[in-house]
Trainee: 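Below is the structure I would like to discuss, written out as structure tokens.
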There are 2 protein chains.
Amino acid sequence: MNKRSSAPTLQDVARMAKVSTATVSRCFNTPDKVIETTRDRVLEIVEELGYTPHFGGRTLASNRSNTVGAIIPTIDNAIFARGIQAFQETLAQNNVTLLIASSGYDPEREFQQIRSLISQGADGLLLIGHARPIKTYDFLQRRQIPYVVTWNYREDSNSFNVGFDNRKAGSKITNEILKFGHKRIAVITGHTEFNDRALDRLNGVRDAMKSSGISELNLAIISTTYSLKSGADAFEDFMTRKPRPTVIMCGNDVLATGAITRANEMGIKVPYDVSVTGFDDIDLAEVVQPKLTTVHVPHRRMGKSSAKLLLDILNGKQDCQSLELEIEIVLRQSLGNAF
Amino acid sequence: MNKRSSAPTLQDVARMAKVSTATVSRCFNTPDKVIETTRDRVLEIVEELGYTPHFGGRTLASNRSNTVGAIIPTIDNAIFARGIQAFQETLAQNNVTLLIASSGYDPEREFQQIRSLISQGADGLLLIGHARPIKTYDFLQRRQIPYVVTWNYREDSNSFNVGFDNRKAGSKITNEILKFGHKRIAVITGHTEFNDRALDRLNGVRDAMKSSGISELNLAIISTTYSLKSGADAFEDFMTRKPRPTVIMCGNDVLATGAITRANEMGIKVPYDVSVTGFDDIDLAEVVQPKLTTVHVPHRRMGKSSAKLLLDILNGKQDCQSLELEIEIVLRQSLGNAF
DNA sequence: TTGCCTAATGTAAGCGCTTACACTTGACTA
DNA sequence: TAGTCAAGTGTAAGCGCTTACATTAGGCAA
């Protein structure tokens with residue numbers, strides 16, 4: 001990597017403005033401690049030189065970076081995009097920069113990324129979901145790293161936590177489905193290892209079935225990766241089984257869209273031949289035909305609230321609180337009566 | 001922001017391993033200059049302490065950060081997600097971290113973000129498109145910042161550049177459309193100010209029409225923001241005009257999907273009543289009914305190649321070359337004969 | 001006038017790291 | 001045997017910045 005040789009330094013500015021480096025520094029950090037005439041002169045030079053403070057020097061000296069990190073499973077998925085965008089916007093309003101890294105749903109990589117972001121100077125972190133190895137939590141604990149867990153809310157969590165209860169959400173949509181008279185339920189879920197959102201949703205389905213007195217024997221599950229094609233393939237798999245399920249619940253809208261697309265190709269009519277539901281309520285849900293009945297997740301609010309909480313923690317605010325958000329079921333056309 | 005007080009330092013490691021700080025440092029940076037027994041001892045302590053090198057110190061001392069920044073118009077859009085994901089993966093393979101910032105299509109904010117990323121220590125940058133104010137280029141020039149422009153390829157660019165020629169692409173799909181006998185063409189484009197991709201695509205349409213001897217009077221244009229709803233509204237607007245266009249070309253697949261969705265709602269049959277085309281070939285294109293005829297953009301290849309080029313530049317490799325990628329037209333169902 | 005206080009600014013230490021240079025040791029060559 | 005060299009390690013300077021503390025100057029009360 002090459003040198004950033006030509007970058008002007010605080011020294012350069014100080015020399016040209018005929019003040020000490022301390023004064024220049026104060027112009028940035030505590031402007032009201034510098035008399036206006038001096039400040040103007042300094043800022044003029046700053047402009048002229050195109051001076052930008054050197055981040056490394058700054059963090060070293062002040063032991064803070066105004067940077068937080070977020071580690072998300074993948075960038076390439078609409079599921080996270082909206083929430084992260086809101087998270088970032090809120091941080092930006094507070095002059096905090098966001099570093100984004102992705103783990104590819106791999107806890108080991110997540111751990112590395114956490115270390116990497118911390119050594120990059122991140123003051124705090126945003127993490128998705130609760131499920132991660134103890135050693136990761138140990139590290140966070142030992143290094144006293146402020147962090148917020150989002151995308152899932154758990155009553156009993158030891159972490160600061162903003163999100164919705166995926167288990168309740170799973171139950172809620174299942175109850176809705178049961179109202180339509182469905183008995184044979186199939187679930188296409190994302191892999192549940194180290195993905196507590198997926199796992200909790202699935203357990204929510206089980207909860208609801210149990211409390212309605214429906215045997216687990218009526219529940220069929222395929223777990224797969226999050227892609228249109230996986231959703232489509234899993235759908236086809238279910239449709240070749242006998243007896244067919246009457247409803248196919250999908251772990252997110254991407255899987256559900258894949259399923260419906262395949263249904264259309266196979267000439268299977270949704271919801272007349274089989275119902276399909278999604279989860280998330282991303283744009284896709286209103287694009288696919290028939291439109292998806294799904295769980296509406298308040299992504300933007302989640303991102304914004306997470307940012308606020310993390311900022312509060314970092315600013316040492318007292319009694320910071322975890323926050324549970326509510327979800328709603330959005331009834332569209334892909335869920336119909338059991339036949 | 002709070003202190004990271006409890007982080008162990010190089011010193012701590014050195015003391016516990018009974019070596020100098022230089023040796024510990026070498027274990028990380030030039031491991032083959034340290035004899036194995038020493039290295040093992042050091043790494044053991046590193047593990048035990050959960051030591052992570054302090055980024056600030058590191059950048060200060062070495063004047064490099066192994067970090068590059070990317071400024072994209074928005075995170076919340078599938079258009080960029082795939083390419084950026086590939087970009088990031090390639091960097092990660094080379095132990096380079098990616099910082100992502102978003103500009104919201106605003107050149108002023110882009111400039112700020114560039115400054116911010118640079119002061120964060122980014123060694124180089126990825127920028128989307130060529131269109132930005134001179135002062136931004138001046139800054140990049142003056143500070144000698146290595147950068148790669150992507151998502152558009154221009155023969156005459158002064159910048160390192162990986163992408164496809166949006167103008168040619170615009171022509172190419174227009175020619176395809178003309179083969180289907182279309183004469184009255186409507187375009188729904190993103191705003192073209194400081195968006196050279198959109199502008200070039202539009203100019204490509206004009207080029208193709210001109211060389212086929214079709215008057216500009218047969219071209220209607222609406223420029224709008226990139227969202228499903230904007231696409232839908234613009235579509236409806238066009239459909240109420242007389243005479244109606246026979247084909248609606250959309251600046252990207254999101255707009256096109258919005259258009260088709262609205263068509264379905266209005267009972268307008270695509271492609272029998274009107275044809276619709278997109279641009280990008282994201283997942284959406286195969287989900288919407290009818291499936292989209294669109295321009296396939298090699299997003300992943302673009303991201304990967306951009307990363308490689310940027311890394312080469314940063315490593316001071318000689319004769320780095322800009323790279324033009326080819327696009328292809330994907331014929332699906334949304335384009336039919338003019339009626 | 002003297003003494004005290006405050007506001008503005010300067011001085012200089014040191015944040016954690018890399019690296020040029022110096023030193024030590026042991027092996028090899030002439 | 002002395003001389004040369006390379007490998008492994010240590011010493012210490014200094015990267016750009018913040019900030020505790022020191023200094024200066026001017027205003028005001030006694």
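All chains are named by letter (A, B, ...) in the order of the sequence lines, taking the proteins before the strands, and each is independently numbered beginning at 1.
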Trainee: Output the single nucleotide from C:dT18, C:dT9, C:dG10 whose closest atom is nearest the side chain of A:Val19.
Mentor: C:dG10

Trainee: Judged by modelled atom types alone, do A:Ser119 and B:Arg58 share a side-chain donor-acceptor pair under 3.5 Å?
Mentor: no

Trainee: Of the nucleotides D:dT19, D:dC15, D:dG10, which has the atom closest to the A:Ser25 side chain?
Mentor: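 Nearest listed nucleotide: D:dT19.
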
Trainee: Any donor-acceptor pair under 3.5 Å linking the side chain of B:Ser102 with the backbone of B:Gly104?
Mentor: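 Looks like no, no N/O pair under 3.5 Å.
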
Trainee: For B:Ala61 and B:Arg26, take the nucleotide of DNA chain D holding the closest heavy atom to each; which residue's nucleotide lies nearer the 5' end?
Mentor: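 Residue closer to the 5' terminus by nearest nucleotide: B:Arg26.
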
Trainee: Side chains of B:Thr59 and B:Arg64: does their closest heavy-atom pair fall under 4.5 Å?
Mentor: no

Trainee: State whether B:Asn29 places a side-chain N or O below 4.0 Å from either non-bridging phosphate oxygen (OP1 or OP2) of C:dT18.
Mentor: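 Yes, such a contact exists.
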
Trainee: Give a yes/no on whether any side-chain N or O of B:Ser62 is located under 4.0 angstrom from OP1 or OP2 of C:dT18.
Mentor: no

Trainee: Between the side chains of B:Tyr147 and B:Ser159, is a donor N or O closer than 3.5 angstrom to an acceptor N or O?
Mentor: yes

Trainee: Using a heavy-atom cut-off of under 4.0 Å over every strand shown, decide if B:Ile35 touches base, sugar-phosphate, or nothing.
Mentor: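 Since only primed, P, OP1 and OP2 atoms lie under 4.0 Å of B:Ile35, the category is sugar-phosphate.
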
Trainee: Can you tell me how far P of D:dC17 sits from CD of A:Gln11, to the nearest Å?
Mentor: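 Atom-to-atom, A:Gln11 to D:dC17, this comes out as 9 Å.
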
Trainee: Please confirm whether any donor atom in the side chain of B:Arg39 sits under 3.5 Å from an acceptor in the base of D:dG8, or the reverse.
Mentor: no

Trainee: Give the nucleotide from the list D:dC17, C:dT18, D:dT11 with an atom nearest to the side chain of B:Ala22.
Mentor: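 Nearest nucleotide to the side chain: D:dT11.
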
Trainee: Look at A:Arg58 and D:dT18 and indicate whether a side-chain polar atom (N or O) is within less than 4.0 Å of OP1 or OP2.
Mentor: yes

Trainee: Given atom CG of B:Asp32 and atom P of D:dT9, what is their separation to the nearest angstrom?
Mentor: 12 Å

Trainee: Determine: side-chain N/O of B:Thr38 to OP1/OP2 of D:dT9, distance under 4.0 Å, yes or no.
Mentor: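 Affirmative; the distance criterion is met.
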
Trainee: Starting at CG of B:Leu60 and ending at C1' of D:dG14, how long is that distance when rounded to a whole Å?
Mentor: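 To the nearest whole Å, that distance equals 9 Å.
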
Trainee: Just checking A:Tyr51: base, sugar-phosphate only, or nothing, at a heavy-atom cut-off of under 4.0 Å?
Mentor: sugar-phosphate

